[in-house]
There are 2 protein chains.
Amino acid sequence: MRQQLRSLNVIPEPETARKPGRPKGGRSEQTRERILDAAEQLFADRGYDGASIRDVASVAGLQIHSVGYHFGPKEQLFDAVVARRADIMTALRREALEEAKQRAGDGAIPIMQLVRDYVSPFIQSASHGDVGWRNYAALMGRLANSPLGTEIIARHYDETARAYIAELQRALAGAEPEDVVDGFSAMVAAMLGICAATGRPERLSGRDGQRPPEDSFETLVRFHTAGFLALTSA
Amino acid sequence: MRQQLRSLNVIPEPETARKPGRPKGGRSEQTRERILDAAEQLFADRGYDGASIRDVASVAGLQIHSVGYHFGPKEQLFDAVVARRADIMTALRREALEEAKQRAGDGAIPIMQLVRDYVSPFIQSASHGDVGWRNYAALMGRLANSPLGTEIIARHYDETARAYIAELQRALAGAEPEDVVDGFSAMVAAMLGICAATGRPERLSGRDGQRPPEDSFETLVRFHTAGFLALTSA
DNA sequence: CACTAATTTATACGTACGTACAAATAAATT
DNA sequence: AATTTATTTGTACGTACGTATAAATTAGTG
């Protein structure tokens with residue numbers, strides 16, 4: 001009876017954040033992380049529509065409704081998966097950019113530095129053994145060219161992207177702004193392609209295992225730095 | 001009764017190609033094209049799992065089962081969508097490569113020529129107003145970093161990709177083969193990103209409409225040619 | 001310990017999916 | 001014109017989906 005009443009007046013679901021007063025390592029927090037990990041993996045493997053909430057709950061070792069209880073509808077769960085590590089990634093990039101600005105003083109930040117600072121956090125995270133980050137990187141690659149993905153990426157990544165583009169523009173005096181954006185887009189696309197671990201580079205080169213992403217990272221930096229520099233000589 | 005008998009002994013569905021003896025512009029052929037067009041658009045917009053066979057039939061103006069009749073299970077329909085234009089794309093690239101080889105004689109083909117020849121057919125097709133090609137380009141972008149997509153792309157595009165990579169390698173004497181493959185992958189990723197028309201470049205540059213893909217194409221050629229050249233100076 | 005709130009479980013609903021079968025129609029062939 | 005084949009239609013099956021409700025359980029608090 002009590003239960004029933006409670007169930008009728010509800011605004012029952014937290015659906016978003018931990019209640020402020022709750023301990024950080026509490027049961028709820030752990031469950032939320034388990035759900036996010038499972039969703040991250042399944043969304044990366046099968047895409048948004050290919051991964052079901054049932055699968056997520058199953059991988060997380062929970063009943064179906066726990067997922068909805070903690071995150072609400074599917075789209076909110078998806079957004080939470082993206083947001084979790086986007087916040088970390090953005091913080092790292094912001095930090096690197098501030099440091100580079102300090103070092104550059106009044107001058108422009110070197111192109112290679114900007115390329116390195118933007119790409120490095122992502123590739124390092126995706127190659128440092130953490131399966132969560134690897135899944136996240138694959139998921140981002142999948143999202144890049146999809147409508148749903150673009151919308152979410154915009155929300156979580158565009159602001160920092162604009163900050164880097166502004167510095168690139170400053171360093172590439174004389175280059176067309178739209179060329180710089182195209183170059184930046186190319187850089188991001190390459191970064192995501194490397195971390196998506198599709199196996200295509202191996203197939204195209206005849207290699208048997210995946211090339212260490214750190215090696216590809218160095219190549220990417222050289223390659224794209226040269227690309228950006230070529231945009232000044234219109 | 002007759003019908004019933006026929007229905008029992010069946011191997012009923014063509015599921016694949018036109019019967020050789022049938023006219024090319026016949027009813028069946030037209031229906032198949034309509035289905036492929038509808039599927040192309042829906043797969044591009046919603047992804048493989050997000051697009052249902054029902055939707056495809058509906059957009060094509062047909063009953064559900066007509067789709068299965070002509071193309072069999074969903075995966076075969078998907079493959080047919082990719083294959084249709086992949087064959088055209090591959091032919092154009094092969095042709096351009098042969099021509100470039102002729103022009104180069106015994107020497108290596110210039111890097112810029114190789115970049116141009118590989119990317120041009122795709123971007124030109126995607127920007128020449130044909131909504132079918134635009135949908136196809138968006139679909140390829142979506143596919144690039146997904147497992148299902150990679151498998152299909154490998155089947156339809158890897159052979160020609162390897163031919164271009166071999167020439168790039170020849171032109172970039174001294175560059176590490178794996179660097180060249182990474183550069184090629186970066187080029188393809190950028191090409192797909194441009195044609196995916198996600199709206200992100202506009203958002204990042206403050207532009208209001210999409211930049212003409214031909215303009216982005218010229219930028220891409222300059223950018224990536226310089227990138228490749230930077231791979232020689234190890 | 002009692003009690004309240006937070007979380008998890010169990011179950012169910014309505015819908016949409018991919019696929020299949022049998023019948024009806026249209027085209028092609030003889 | 002008759003008859004066979006190719007194509008389209010109409011309908012149905014079994015399954016899985018996202019979501020919701022209600023009950024049971026766990027944890028925190030006085």
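Residue numbering restarts at 1 for every chain, and letters A, B, ... go by the order of the sequence lines.
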Side chain of [X] only, please: which of [options] is the nearest?
| X | options | answer |
| --- | --- | --- |
| B/Ile53 | C/dT9, D/dG18, C/dG18 | C/dG18 |
| B/Ser52 | C/dG18, C/dT19, D/dT19 | C/dG18 |
| A/Asp55 | C/dG18, D/dG18, D/dC17 | D/dC17 |
| A/Arg54 | C/dT9, C/dG18, C/dA12 | C/dA12 |
| B/His65 | C/dC17, C/dT8, C/dA22 | C/dA22 |

Using whole Å, what does the distance between atom [atom2] of nucleotide [N] and atom [atom1] of [X] come to?
| X | N | atom1 | atom2 | result |
| --- | --- | --- | --- | --- |
| B/Leu62 | D/dG10 | CG | P | 11 Å |
| A/Tyr69 | D/dA24 | OH | C1' | 14 Å |
| B/Arg32 | D/dT7 | CZ | P | 9 Å |
| B/Tyr48 | C/dG18 | OH | C1' | 9 Å |
| B/Lys74 | D/dA16 | NZ | C1' | 13 Å |
| B/Gln76 | C/dG18 | CD | C1' | 14 Å |
| A/Leu42 | D/dC17 | CG | P | 11 Å |
| A/Glu75 | D/dT19 | CD | C1' | 14 Å |

query = So which nucleotide does C/dT30 pair with, by the Watson-Crick or G-U wobble rule with both distances under 3.5 Å?
reply = D/dA1

request  = Please state whether the rings of B/Tyr118 and B/Tyr164 are parallel, tilted or perpendicular, taking 30° and 60° as the class boundaries.
outcome  = perpendicular

request  = Could you please spell out the steps behind the side chain to side chain contact (heavy atoms under 4.5 Å, CB included) verdict for B/Val82 and B/Ile153?
outcome  = CA-CA 8 Å; B/Val82 175; B/Ile153 284 176; 5.7 Å; no

message = Checking B/Arg94 against B/Glu159 for the side chain to side chain contact (heavy atoms under 4.5 Å, CB included) test, could you report, in this order, the C-alpha distance in whole Å, the side-chain angles of both residues, the deciding distance, and whether it holds?
response = CA-CA 10 Å; B/Arg94 284 289 183 178; B/Glu159 192 184 323; 3.6 Å; yes

query = When we call it a touch if two heavy atoms are under 4.0 Å apart, what does A/Ala51 touch: a base, just sugar-phosphate, or nothing?
reply = sugar-phosphate

task = Kindly say if A/Gln63 contacts the phosphate of C/dT8, meaning a side-chain N or O under 4.0 Å from OP1 or OP2.
result = no

request  = Indicate whether OP1 or OP2 belonging to D/dT8 is found under 4.0 Å from a side-chain N or O atom of B/Thr31.
outcome  = yes

ask   = After noting the C-alpha distance and the side-chain angles of B/Phe71 and B/Phe78, does the key distance pass the ring pair (Phe, Tyr, Trp, His ring centres under 6.0 Å) rule?
value = CA-CA 9 Å; B/Phe71 293 99; B/Phe78 191 66; over 10 Å; no

key: Any residue meeting salt bridge (Lys or Arg N to Asp or Glu O under 4.0 Å) with A/Asp117, in chain and number order, not counting sequence neighbours   = none

